[in-house]
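Start at 1 and go down the list; that is how both ligands and their atoms are numbered. Computed from heavy atoms alone, side chains included, the values below leave out hydrogens, waters and symmetry copies.
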Amino acid sequence: MSTVFSKIRDLVSSFLRSSESYEEAVGIFVKELQKEMIRADVNVRVVSELTSRIKERALKEEPPPGVLRKEWFIKIVYDELSKLLGGDTSPEPFPKSFPWIVLLVGIQGSGKTTTAGKLALFYKKRGYRVGLATTDVYRPAAYDQLKQIADSIGVPFYGERSGDPIEIAKKSIKTLLNEYFCDVVIVDTAGRHGYGKEEDLLKEMKYIAESIKPSEVVLVVDASIGQKAFDLAKKFHEWTPIGSIVITKLDGTARGGGALSAVTATGAKIKFIGDGEKLEDFEVFNSRKFVARILGLGDIESLLEKFRAIEESDEIRRRLEKAVAIGRMSMRDIYHQLKSIKKLGPLRKILDLVPGFSMLKIGDEVLRGGEKKMDVWVSIIDSMTYRELDNPELVDKSRARRIAVGSGRSISEVRELLNYYELVNKMLRDLKRGKIRLKGLDLSKLGGGSGE
Ligand SMILES: Nc1nc2c(ncn2[C@@H]2O[C@H](COP(=O)(O)OP(=O)(O)OP(=O)(O)O)[C@@H](O)[C@H]2O)c(=O)[nH]1
Ligand SMILES: [Mg+2]
């Protein structure tokens with residue numbers, strides 16, 4: 001399948017392999033990206049803004065240590081694509097007013113009815129009184145399908161097997177609000193009109209929307225339809241202004257190129273994604289995660305992992321600097337390090353880039369023992385109380401025994417962790433008193449550093 005995303009993936013691969021100079025390679029990449037996106041019907045202005053931002057950052061930014069300039073460029077592309085799809089702020093999935101009425105629209109089979117159930121479950125779990133309604137009188141099983149879903153999650157349902165969808169929509173709102181006191185109502189619609197004409201269906205959506213005045217019209221888009229999504233989304237948007245988008249079937253082979261098109265065609269934001277047939281297979285959209293997922297193959301996957309590792313090591317550095325500044329490291333810091341090191345996996349070499357990390361030998365002890373030791377220590381810390389975490393000195397014989405039993409470890413393993421904690425803290429105290437020096441860590445930048 002060829003979507004704009006698979007094209008971008010190809011561009012990235014050839015960019016990384018190209019033998020041209022960095023500036024030349026950026027130029028080629030940007031030009032090709034423009035071409036591909038315009039071919040994919042992405043709005044021309046959107047394309048030119050995107051590419052000029054990429055170019056500007058590419059020529060200005062210096063990559064962090066350990067990252068090649070070409071690799072950093074991919075991070076820039078990844079950032080900017082994420083921004084295009086919604087940026088760093090997650091969409092607000094909760095009702096902005098009450099009652100919150102959602103009208104689901106979309107073509108046949110896009111996943112509207114399933115999404116209605118997923119949304120209902122999502123809101124119900126979060127304490128809202130949800131009601132489900134169907135206006136689909138064309139597909140014989142539509143009524144039963146949604147009714148069954150409503151019963152399975154235990155929310156009220158309104159529908160009629162035949163009749164005028166506009167009247168049914170009005171009645172469903174009245175019933176669910178006045179008789180069931182719902183504060184969220186989700187209205188499902190048909191994907192195919194009785195006469196099979198697309199325009200009739202679109203007209204019907206429009207009339208339903210006008211008569212029930214939903215808080216939000218939600219367009220349901222099947223991830224696998226690729227570039228057709230643009231025309232489709234545009235058409236729906238012309239008839240009924242789209243407020244937000246749900247992308248479904250992201251668990252399939254499709255890689256969601258249509259999502260970008262749907263967003264640019266309507267100007268609406270993606271709020272949720274569906275990635276499975278079960279009602280639980282549903283989550284709030286996160287653009288960075290989404291872009292990582294659709295671009296996340298081969299070269300890019302390992303790069304993105306490296307960037308995540310850099311972010312992780314930044315956090316370790318922050319904590320380490322603080323520990324050096326105050327001459328103390330808490331058990332919580334140690335816990336964070338153990339977890340980070342584990343998360344980094346084979347990328348933990350990146351930790352050598354953290355100033356002072358290797359000198360302080362934090363984690364080394366554990367690294368020598370391998371993953372197993374890390375798990376042992378993490379489980380021991382998990383069994384400590386907050387008071388013990390903040391004051392490990394409190395851990396006497398009886399507390400050590402309790403922790404050992406709680407974590408299913410031996411007392412000597414608990415001791416080992418406590419000894420390690422003391423060793424690290426002694427080192428930090430010595431550092432602060434200036435007895436030892438730490439190479440690579442700029443202590444002058446730290447308040448209350450080693451100078452005293
Ligand atoms: N794998 C997968 N299947 C899905 C997802 N969402 C929906 N489906 C399946 O897609 C098919 C169509 O889903 P429906 O919810 O009935 O779609 P619809 O838009 O209501 O269809 P019409 O009412 O006929 O227009 C069903 O078999 C669903 O189980 C998803 O996120 N992942
Ligand atoms: Mg349906």
With sequence neighbours excluded, give me every salt bridge (Lys or Arg N to Asp or Glu O under 4.0 Å) pair touching residues 234-248.
-> Glu198-Lys235
Residues Glu416 and Arg409 bridged, charged N to O under 4.0 Å | no
Counting no waters, what protein N/O/S atoms lie under 2.8 Å from the Mg ion (ligand 2)?
-> Thr113 OG1
Going by the angle between their ring planes, with limits at 30° and 60°, are Phe272 and Phe282 parallel, tilted or perpendicular?
-> parallel
Protein residues that have a heavy atom under 4.0 Å from any atom of ligand 1, sorted by chain and number = Ile107, Gln108, Gly109, Ser110, Gly111, Lys112, Thr113, Thr114, Lys118, Asp136, Arg139, Gln145, Gly191, Lys249, Asp251, Gly274, Asp275, Gly276, Glu277
Can Glu56 and Arg53 be counted as an ion pair, charged N to O under 4.0 angstrom?
-> no
Would you call Glu167 and Lys171 a salt bridge, taking side-chain N to carboxylate O under 4.0 Å as the test?
-> no
Residues forming a side chain to side chain donor-acceptor pair (under 3.5 Å) with Thr175, sequence neighbours excluded = none
Which word best sums up how the rings of Phe94 and Phe122 line up, parallel for under 30°, tilted for 30 to 60°, or perpendicular for over 60°?
-> parallel
Is Glu80 paired with Lys83 through a side-chain N to carboxylate O contact shorter than 4.0 Å?
-> yes
Can any side-chain N or O of Ser244 pair as donor or acceptor with the backbone N or O of Val218 at less than 3.5 Å?
-> no
